[in-house]
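Just so you know, ligand 1 is whichever comes first in the structure, and atom 1 is the first atom listed for that ligand.
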Amino acid sequence: MSGNSAFNPFEMARAQFDKSADLIGLDEGTRDFLRTPMREYQFSIPVRMDDGSTKVFAGFRVQHNDSRGPCKGGIRFHPQETIDTVRALSMWMTWKCAVADIPLGGGKGGVVCDPHNLSAREQESICRGWIRQLARDIGPTIDVPAPDVMTNAQHMLWMLDEYEAIQGGHYPGVITGKPVGMGGSLGRTQATGYGVIYTLREALKELEIRPSDTTASVQGFGNVSQYAIELYKQLGGTVVCVSSWDQEEMTTYAFKKKDGVDLDELRGITDNFGGIDKAKAKDLGYEVLPGDDWLIQDVDILIPSALENQITGENVESISKGVKIVAEGANGPTTPEADAVFHQRGVFCIPDFLANAGGVTCSYFEQVQSNMNYFWDMEEVLGKLDMKMTSAYMAVSGLAKKQDLYMRDAAYVVAINRVATACKNRGWV
Ligand code: GLU
């Protein structure tokens, strides 16, 4: 990870918010209300480890705003998780649900842990412990968690099971990203990555560039990245470089093939956390480069799909002059300093909470299907997802053109206006 340790994502989220609040001319009271989460939970999760010892893990849930509906957002398992990261991510979820125009608010959760070093049983205990601490404060009408960095459908099912054991009933709407056949929606796994590409497709149309004439470099090889690559290739694009985390060396590497990486080939040599096997990649003819090299490739499109704080004031100048579009698959990958350089260079940015809103939009579909107890086929899910993402993109790009705004600013204006209106109409501010 190229981010520096002094970086505080919550300060960044607030700085982005303040800038947009100025643009809108938001009144002081609403501004104060929206720059701070409504509720925060911090707790300890004691876990009996496989070796008989007890280890205590720090857990978080932050509910930023629920004026438009129950809070919604994932749970991250990450060794560097902090309350400020979760605060920032919960605020971004509020804007994400608003820009996607789904009736949900913003929340986020986390546990400071590294699942690489935990057995399945230990991970199950963390999931159940997280729910035991929060069973009174989440729920289908209150706050609905989902998967995120290093959490998956199995984790969601353990959490659902614990919640239902405590509440004594079936509550499939309490969590999304569940396995298909256990209340999950077809397409949920693909949704975030595909959503990134639906918005990228619209941006390419707007810029009158044919996808088949483009190349891309992608940071990360987890769930978001893999499905973004899949759909981008279907549109005719060529991914020349991807980067991934190397757990053994605790660093990242970039994997390059000039004529385009082969997704299936790479998936075949990748662990469950998106870590590509270096030696096997070399055997398959990949150039193995330092991880940060994903950023300096001579491509048309960059798709950061790993973590926050990756494109910064320090490395933004190394981006090739040929880069025309940055589609942010990750949450908060670009710092404000780097963003100013994009803006000034005329790089077209599809901002994170618009580009990656496909995941939560499909989570919303999952809730709808769970409530009806009637599940749609893949075509229906992806058709509806495409429609929602395209109209979210259109609302933002329409405003950007009309008011001559940078795309990130336009996305903030759309989202904050919707949330502020909900708060005002409820009589909160
Ligand atoms: N974790 C995903 C995100 O950052 C999805 C959240 C959800 O489905 O609730 O958008």
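Distance alone, capped at 3.5 Å, places no donor-acceptor pair between the R68 side chain and the G105 backbone. No side-chain donor-acceptor contact under 3.5 Å links R188 to the backbone of K178. Distance alone, capped at 3.5 Å, is enough to place a donor-acceptor pair between the S243 side chain and the G220 backbone. Of the possible polar contacts, one joining the Q167 side chain to the A135 backbone as a donor-acceptor pair under 3.5 Å is found.
Not a single side-chain hydrogen bond (donor to acceptor under 3.5 Å, both in side chains) links R418 to another residue, sequence neighbours left out.
A salt bridge is defined here as a Lys NZ or Arg NE, NH1 or NH2 lying under 4.0 Å from an Asp or Glu carboxylate O, and K278 with E249 meets this definition.
Closer than 4.0 angstrom to ligand 1 lie heavy atoms from K72, G73, G74, M93, K96, K108, A146, P147, D148, R188, N331, G359, V360, S363.
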